[in-house]
Amino acid sequence: MKGKILVVEDERNIAELIRLYLEKEGFEVIHAPDGGAGIAEFERTAPDLVLLDIMLPVMDGWQVLKEIRASSKTPVIMLTAKGETGDKVMGLENGADDYITKPFEVKELIARIHAVMRRYGEEKKDEKKRLAFDKLVIDMDSFELTVDGRKVDVPPKEMELLFHLASSPNRVFTRNQLLDEVWGFDYFGDSRTVDVHVKRLREKLENVSDKWSLKTVWGVGYKFEVLNG
Ligand code: CA
């Protein structure tokens with residue numbers, strides 16, 4: 001699979017056409033028919049890219065883009081109607097990665113998706129591999145965890161899991177998302193694997209700081225909670 005794409009589009013025909021072509025290209029497609037559902041699906045499925053219409057019921061594309069950008073750098077391509085030149089500029093200023101004008105050629109859409117994903121992948125590679133919080137340093141270059149000034153031995157998967165959670169503070173991840181994103185799609189473990197790793201991490205991190213904690217969100221999953229002040 002090439003990646004997950006969330007299509008937020010209220011016109012069913014367009015959405016179905018996009019789904020058809022993207023699935024043929026090997027993408028997994030999730031469809032949301034309005035802005036509210038778009039945000040809910042974004043949080044639930046953690047897509048690799050979002051195709052976002054502007055005129056949407058419940059909440060328009062600008063509002064959805066704002067909500068997404070409040071917590072994520074996931075690439076967003078805006079779907080604008082013909083002649084909405086002002087919208088294009090506004091979209092790019094508001095954190096959209098690209099735009100495409102409806103009606104569009106499927107070839108062009110696919111090319112833009114690939115270009116934006118490639119750019120994002122390269123940016124991600126350059127991202128810092130070291131996170132620091134109160135009494136906690138997670139360094140993925142040296143694979144070292146420093147807790148309250150002491151180096152702590154941690155198995156690689158626990159390190160990766162902690163880094164993944166702490167990279168998006170306060171964001172809730174489901175067990176399945178963590179399995180996909182930390183262990184990879186090929187891993188045939190079950191969600192208890194995640195629980196076991198979180199439990200072991202907690203034993204190392206308990207009572208270290210009151211500024212952050214590894215939290216269970218009942219019925220959903222886990223988050224690395226950071227408290228301000
Ligand atoms: Ca629309």
Side-chain angles (χ1 to χ4, degrees), residues 1-124 167-168 170-174 176-177 180-181 185 217 220-221 223:
M1 201 186 66
K2 283 186 182 172
K4 239 185 287 182
I5 298 185
L6 171 62
V7 181
V8 189
E9 167 65 78
D10 57 323
E11 283 157 81
R12 189 169 293 270
N13 292 344
I14 297 179
E16 278 313 306
L17 202 70
I18 292 175
R19 176 197 289 281
L20 197 74
Y21 285 112
L22 292 187
E23 285 182 347
K24 219 163 87 183
E25 280 292 309
F27 291 105
E28 180 187 339
V29 177
I30 302 132
H31 174 228
D34 64 63
I39 289 176
E41 287 298 306
F42 181 82
E43 281 165 5
R44 192 180 67 83
T45 61
D48 300 298
L49 184 140
V50 182
L51 288 179
L52 182 57
D53 185 28
I54 294 173
M55 299 295 283
L56 288 166
V58 183
M59 190 188 279
D60 72 15
W62 301 126
Q63 199 57 39
V64 175
L65 178 63
K66 209 172 132 192
E67 293 274 330
I68 289 175
R69 280 288 168 268
S71 67
S72 158
K73 291 178 186 159
T74 300
V76 176
I77 299 178
M78 305 298 288
L79 303 173
T80 65
K82 210 174 174 183
E84 291 173 335
T85 322
D87 283 347
K88 291 173 190 171
V89 177
M90 191 164 152
L92 296 175
E93 278 174 359
N94 282 295
D97 295 83
D98 204 353
Y99 58 84
I100 190 158
T101 308
K102 291 191 273 190
F104 45 76
E105 295 273 341
V106 173
K107 254 194 204 162
E108 194 195 347
L109 177 68
I110 306 273
R112 279 175 190 249
I113 288 173
H114 282 307
V116 166
M117 277 187 155
R118 200 163 44 236
R119 208 161 66 211
Y120 181 66
E122 274 155 22
E123 269 171 30
K124 249 189 152 175
S167 295
S168 304
N170 301 323
R171 184 181 147 192
V172 183
F173 292 86
T174 68
N176 281 333
Q177 277 170 357
D180 282 353
E181 291 161 12
F185 289 103
V217 181
V220 187
K223 69 174 171 180

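Heads up: numbering here begins at 1 and tracks the sequence. Order of listing sets the numbers, starting from 1, for every ligand and every atom in it. Here the structure is a predicted model, which means the values were calculated and not measured.
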| Lys/Arg-Asp/Glu bridge criterion (N-O < 4.0 Å) met for Arg69, Asp97 | yes
| Can you list the residues that meet the side-chain contact (heavy atoms from CB on, under 4.5 Å) rule with Ile110, with sequence neighbours excluded? | Leu22, Glu25, Val106, His114
| query | For Glu9 and Leu79, which heavy atoms make the closest approach, and how far apart are they? | reply | OE1-CD1, 3.8 Å
| query | If you measure from the Lys or Arg side-chain nitrogens to the Asp or Glu carboxylate oxygens, is any gap between Lys2 and Asp48 under 4.0 Å? | reply | no
| In the protein, N/O/S atoms that are found under 3.0 Å from the Ca ion (ligand 1), waters not counted | Asp10 OD1, Asp53 OD2, Met55 O
| Who are the ring pair (Phe, Tyr, Trp, His ring centres under 6.0 Å) partners of Phe173, not counting sequence neighbours? | His164
| message | I'd like to check the side-chain hydrogen bond (donor to acceptor under 3.5 Å, both in side chains) partners of Glu67; sequence neighbours left out, ordered by chain and number. | response | none
